Structure formats: C-alpha cells, structure tokens
Amino acid sequence: MTNNKLKEALLSKKPVVYRHFYYGEIKCKCVNAIRYTVGASGEILVQAELLDKNGCTIMIAKPEDVYEVGQ
C-alpha cells in the first residue's frame, strides 16, 4: 500500500490482508495505526499496525505487504 492508501484504510477501518513471506495471507480486521520510526541508518520508516480478526493482537507490517481485501 502507498502511504495515502494506508491513511484511507486507517480512516475507513475496512479489512486488509497482510501478505507474510512465511505465514502467507493473514486477514486482518483493520489498520489500527500508522507508525513512523527511525531506522538504523537514520531514515524514517513507515509501518502499519494491524489488528487481527479477533481484535486481540497487533501486528507490525511494512506498508508494501498490506493490501486491500480482494487484491
């Protein structure tokens, strides 16, 4: 997802899919937050905080690994 699409998903609270290299596709309830952190070399990293389907677990994902449901 691009940064703008991530913001739209955050505001709409629509379900998203996290495509993990090991676990495959994980369906999530919504984007719970957008995180900005500093990387090891001083660059700003954007991360998506995803809420699982049960609403109990938070996952941190790279925006490029998060997709709208149906894509």
Side-chain angles (χ1 to χ4, degrees):
M1 272 189 174
T2 63
N3 202 17
N4 286 335
K5 286 283 190 185
L6 202 57
K7 289 177 187 176
E8 288 175 19
L10 174 67
L11 294 172
S12 70
K13 295 290 186 187
K14 290 184 180 177
V16 294
V17 174
Y18 173 33
R19 291 189 182 146
H20 191 271
F21 70 94
Y22 185 76
Y23 296 109
E25 290 191 356
I26 302 169
K27 294 180 182 172
C28 300
K29 189 173 185 176
C30 64
V31 176
N32 195 54
I34 301 171
R35 299 171 43 146
Y36 295 92
T37 60
V38 179
S41 59
E43 77 280 7
I44 295 176
L45 301 175
V46 179
Q47 300 172 327
E49 186 176 288
L50 308 174
L51 189 61
D52 78 333
K53 286 175 70 174
N54 296 325
C56 298
T57 304
I58 296 288
M59 293 174 274
I60 306 300
K62 295 178 185 177
E64 58 266 20
D65 295 336
V66 180
Y67 299 87
E68 295 175 17
V69 172
Q71 283 191 347

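Bear in mind the structure is a predicted one, so any value in this text is a computation, not a measurement.
- Here the straight-line distance linking atom CG of Leu6 with atom CD of Glu64 works out to 10.5 Å at 0.5 Å rounding.
- Counting heavy atoms from C-beta on, the side chains of Lys14 and Val16 never come closer than 4.5 Å.
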Side chain to side chain contact (heavy atoms under 4.5 Å, CB included) between Lys5 and Glu68, intermediate numbers included: CA-CA 9 Å; Lys5 286 283 190 185; Glu68 295 175 17; 3.6 Å; yes
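- The distance from atom NZ of Lys53 to atom SG of Cys30, rounded to the nearest 0.5 Å, is 13.0 Å.
- Each of Tyr67 and Phe21 belongs to its own hydrophobic cluster when Ile, Leu, Val, Met, Phe, Trp and Tyr are linked at side-chain heavy-atom distances under 4.5 angstrom.
- Rounding to the nearest 0.5 angstrom, the gap separating the CZ atom in Arg19 from the CD atom in Glu25 is 4.5 Å.
- Aromatic ring orientation, Tyr22 versus His20: perpendicular (interplanar angle above 60°, classes split at 30° and 60°).
- The nearest pair of heavy atoms linking Tyr18 to Ile60 is OH-O, 4.1 Å.
- Just one residue in the list Leu51, Leu50, Leu11 forms a side-chain contact (heavy atoms from CB on, under 4.5 Å) with Val31, and that residue is Leu50.
- Leu45 places none of its side-chain heavy atoms less than 4.5 Å from the side chain of Tyr36.
- In plain terms, the two heavy atoms of Pro63 and Gln47 that are nearest each other are CD-CA, 4.3 Å.
- Linking ILVMFWY side-chain heavy atoms closer than 4.5 Å, directly or via other members, places Met59 and Val46 in a single hydrophobic cluster.
- Using a 4.5 Å heavy-atom threshold, the side chains of Lys7 and Ile34 count as touching.
- Using a 4.5 Å heavy-atom threshold, the side chains of Lys13 and Asn32 count as touching.
- Grouping the Ile, Leu, Val, Met, Phe, Trp and Tyr side chains by contacts below 4.5 angstrom, directly or via other members, places Met1 with Ile26.
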